[in-house]
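Written below as C-alpha cells is the structure these notes are about.
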Amino acid sequence: LSPNFYHNVCPQALPAIKRVVEAAVHKERRMGASLLRLHFHDCFVNGCDGSLLLDSTSSFETEKNARGNLNSVRGFEVVDQIKAEVDRVCGRPVVSCADILAVAARDSVVALGGPIWKVRLGRRDSTTASRTLADSVLPSASMDLPALINNFKNQGLNKRDLVALSGGHTIGLSQCLIFRNRIYNATNIDPAFAKERRATCPRTGGNTNLAPFDPTPARFDTAYFKNLVKERGLLTSDQALFSGGSTDKLVETYSKNPNVFWVDFGKSMIKMGNIKPLTGKQGQIRVNCRKVN
Ligand code: HEM
Ligand SMILES: [Ca+2]
Ligand SMILES: [Ca+2]
C-alpha cells in the first residue's frame, strides 16, 4: 500500500471522495460516525477488502447480517454515491471499494474536527464475504478488558491501539438495547449518568432509542475519555478501558492531551487499515461495491 497509489491513474479520486463525504456529513453529522465504523467492521473481517459491502449471493451470506452489523451499521448509500462519483471523475472503475472506505473514514473524522492522517492505498476488493466470520471476530459491547485486548490482538493490534481506536466512540450514537444492561445493572457507573440514560431507555421497550457515546457526538474530541474517567462510559466495553485495569493510565492521558490522542488515533487507523489487504493481482476492482464483478 502507498499514499500515492492513485496519483497517476486518477489524481481526481481523493478530492472526489472528500467532496461526497463532506456533503453527506453536512446533511447529517452522524453519517461521519457511520462511515468511520464501516471501515472498522470491514477491516476486522478478513482484512480491509470491502467484504462488508457485498450483498448476499447463492454462495455466501452478507456480513451485513452479522450480529454486530444487522440493524446497526449504516452508510451504504453514501458509499454507493462516492463510488459513482469516483468512477465518473476517473472515467472507469480504478478505485477499490476497500480504499473508498479507508479514505471516507479519514475524511469523516476530519469533517468532524478530528486528526488527519495519510491513508495508504492500493487495496483490492474481495470476491467473497463471511457472515459467520463477522459474527465471531467483531467485538461486542459486553466484553471486559481482557476480552477486548484479546480481540484486538487477534488482528495484530495492541492495547494502545485498542484504547486509541475506541476513541472513535467520541462520535456517533448507540441503541438502547445495546447499553440497557449496563445502565440498569453496572456498579462502575456514575449514578446520575445512569439515571439520565434510563430516562430514554426504559427497562422494556424503546430498544432502538438512540443515545450519544459522549456529550459531543458530532465533534471528534476527547470528551469520550473525559467521560470514562467519570464512569460515564455508555457501553460495558467503553467503561472497561477505565475500570481499575492496565489501560486506566492511557485513558487519563488521552483525556488530558488531545494531541497525544490525535497522533495515536492516526497511527492506529493506519495500522488497522493495513490489516490483510488484497494487493497486486489479488481480488478485483468492483464495478458495484455491493456485487462481485
Ligand atoms: C473496542 C471494541 C468496540 C466495540 C465493542 C464497539 C461496539 C459498538 C457498538 C455496540 C456500537 C453501537 C451499535 C448500535 O447501537 O447499533 C458502536 C458504534 C460505533 N462504533 Fe464501535 N465498537 C468498538 C470499537 C470501535 C472502533 C475501533 C471504531 C472506529 C475506529 C468504532 C466506531 C464506532 C462509531 C463511529 C459508532 C457510531 C456509529 C453511528 O452512529 O452510526 N468502534 N460500536
Ligand atoms: Ca473485510
Ligand atoms: Ca465527541
Side-chain angles (χ1 to χ4, degrees), residues 28-54 63 66-75 97-98 101 105-106 108-109 112-114 123 125-126 128-130 133-134 137-145 147-149 151-152 155 157 159 161-180 182 201 207-227 233-241 247 258 261 265-266 268-269 271-273 275-278 283:
E28 187 206 8
R29 305 276 282 171
R30 185 186 177 194
M31 191 50 70
S34 305
L35 292 172
L36 170 62
R37 190 169 183 227
L38 288 184
H39 180 46
F40 161 48
H41 282 203
D42 178 24
C43 292
F44 265 50
V45 184
N46 247 316
C48 315
D49 62 356
S51 59
L52 171 61
L53 303 175
L54 289 172
E63 291 172 13
R67 245 191 317 273
N69 289 334
L70 190 65
N71 300 320
S72 182
V73 283
R74 57 201 291 282
C97 300
L101 288 181
R106 191 269 315 271
S108 293
V109 168
L112 295 175
R123 299 170 189 79
D125 296 324
S126 74
T128 186
S130 175
L133 183 65
V137 300
L138 290 174
S140 100
S142 61
M143 282 181 170
D144 62 8
L145 185 59
L148 289 166
I149 291 172
N151 180 278
F152 272 58
Q155 302 285 350
L157 300 172
K159 273 200 279 191
D161 298 315
L162 167 66
V163 179
L165 290 172
S166 294
H169 287 176
T170 185
I171 53 177
L173 311 173
S174 179
Q175 305 177 68
C176 165
L177 116 129
I178 312 261
F179 59 80
R180 178 183 285 125
R182 170 164 163 77
C201 181
N207 277 351
T208 60
N209 292 359
L210 294 168
F213 283 105
D214 81 6
T216 54
R219 185 99 209 138
F220 197 100
D221 56 16
T222 55
Y224 170 77
F225 296 108
K226 290 195 162 87
N227 256 17
L234 188 59
L235 309 183
T236 302
S237 56
D238 292 321
Q239 197 60 56
L241 305 175
T247 51
F261 172 44
F265 188 79
S268 293
M269 283 298 291
K271 213 167 148 184
M272 183 174 83
I275 299 174
K276 268 179 72 181
L278 299 171

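When a ligand or atom number is given, it counts from 1 through the structure's own listing order.
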re atom 5 (C) of ligand 1, the protein heavy-atom contact at minimum distance is S140 O, 3.3 Å
Among non-hydrogen protein atoms, atom 25 (C) of ligand 1 lies closest to F40 CE2, 3.2 Å
Got D42 and L53 here, is their nearest side-chain heavy-atom distance under 4.5 Å? no
Within 4.0 Å of some non-hydrogen atom of S166, the atoms of ligand 1 are 1 (C)
inquiry  = Under 3.0 Å from the Ca ion (ligand 2) - does any N, O or S atom of S126 fall there?
reply    = no
For atom 13 (C) of ligand 1, the closest protein heavy atom turns out to be S72 OG, 3.2 Å
Check: Does the E63 side chain pair with the main chain of S130, one donor and one acceptor, at a distance under 3.5 Å?
Finding: yes
Of M31, H169, E28, the one whose closest heavy atom lies nearest atom 21 (Fe) of ligand 1 is H169
A student checking ligand 1 against A141 at a 4.0 Å heavy-atom cut-off should list atoms 5 (C), 10 (C)
### Query
Does some non-hydrogen atom of F179 fall short of 4.0 Å from ligand 1?
no
Looking at Q155, R74, H41, R37, the heavy atom closest to atom 18 (C) of ligand 1 belongs to R37
Return yes when at least one N/O/S atom of A98 is nearer than 3.0 Å to the Ca ion (ligand 2), and no when none is.
no
Ranked by distance from atom 35 (C) of ligand 1, the top protein heavy atom is A33 O, 3.2 Å
Looking only at atom types and distance, does a side-chain atom of D125 sit under 3.5 Å from a main-chain N or O of C97, one as donor and one as acceptor?
yes
Atom name of the N, O or S atom of D49 nearest to the Ca ion (ligand 2) is OD1
Candidates Q175, R30, H39; heavy atom nearest atom 15 (O) of ligand 1 found on Q175
Backbone N/O of G273 and side chain of R123: donor-acceptor pair under 3.5 Å
yes
### Query
Could you walk me through whether R29 and L112 pass the side-chain contact (heavy atoms from CB on, under 4.5 Å) check?
CA-CA 8 Å; R29 305 276 282 171; L112 295 175; 3.8 Å; yes
Inset, instruction - Would you mind reporting whether L162 and L157 have side-chain heavy atoms less than 4.5 Å apart? - result: no
The answer for which part of S174 has a heavy atom under 4.0 Å from ligand 1 is both
So for L165 against ligand 1, with non-hydrogen atoms under 4.0 Å, the contacting part is both
A student checking ligand 1 against G172 at a 4.0 Å heavy-atom cut-off should list atoms 37 (C), 40 (O)
Heteroatom test (N, O or S) for G47 near the Ca ion (ligand 2), limit 3.0 Å
yes
Q: Applying side-chain contact (heavy atoms from CB on, under 4.5 Å), run through D238 and R182 and close with a yes or a no.
A: CA-CA 11 Å; D238 292 321; R182 170 164 163 77; over 6 Å; no
Per-atom filter on ligand 1: closer than 4.0 angstrom to a heavy atom of S34 are 39 (C), 41 (O)
Check whether T222 reaches the backbone of P258 with its side chain - one donor and one acceptor, N or O, closer than 3.5 Å. no
Is the Ca ion (ligand 3) less than 3.0 Å from an N/O/S atom of R219, whether that atom is in the backbone or a side chain? yes
Per residue D221, nearest N, O or S atom to the Ca ion (ligand 3) is named OD1
Query raised in the report: So V73 and R37, side-chain contact (heavy atoms from CB on, under 4.5 Å) or not? Walk me through it.
Result: CA-CA 7 Å; V73 283; R37 190 169 183 227; 3.9 Å; yes
Ligand 1 atoms nearer than 4.0 angstrom to some heavy atom of P139 are 2 (C), 3 (C), 5 (C)
*asked:* Would the distance check show the side chain of R67 and the main-chain N or O of L138 forming a donor-acceptor pair, the cut-off being under 3.5 Å?
replied: no
Does the shortest distance from the Ca ion (ligand 3) to an N/O/S atom of T222 fall below 3.0 Å?
no
Whether the side chain of D49 engages the backbone of A98 through a donor-acceptor N/O pair (distance < 3.5 Å, no angle test) should be reported. no
### Query
For the rings on F213 and F179, is their centre-to-centre separation under 6.0 Å?
no
Near N71 CG, under 6.0 Å, is it more than 12 heavy atoms from other residues, nucleotides or ligands? no
Q: Assess the side chains of N46 and S51: does a donor N or O sit below 3.5 Å from an acceptor N or O?
A: no
Note: OG(S51)-the Ca ion (ligand 2)-O(V45) angle, rounded to 10 degrees, equals 90°
In this structure, atom 10 (C) of ligand 1 is nearest to the protein heavy atom I178 CG2, 3.5 Å
Decide yes or no for L173 and P212: does some side-chain heavy atom of the first lie under 4.5 Å from some side-chain heavy atom of the second? yes
Parallel, tilted or perpendicular: which describes the rings of F225 and F261, with under 30° parallel and over 60° perpendicular?
perpendicular
Quick look: L235 vs ligand 1, heavy-atom contacts under 4.0 Å, and the answer is side chain
With rounding to 10 degrees, D214 OD1, the Ca ion (ligand 3) and T170 OG1 define an angle of 110°
Taking only non-hydrogen atoms of S237 and a 4.0 Å limit, the atoms of ligand 1 in range are 5 (C)
Note: ligand 1 atoms sitting under 4.0 Å from heavy atoms of G168 are 35 (C)
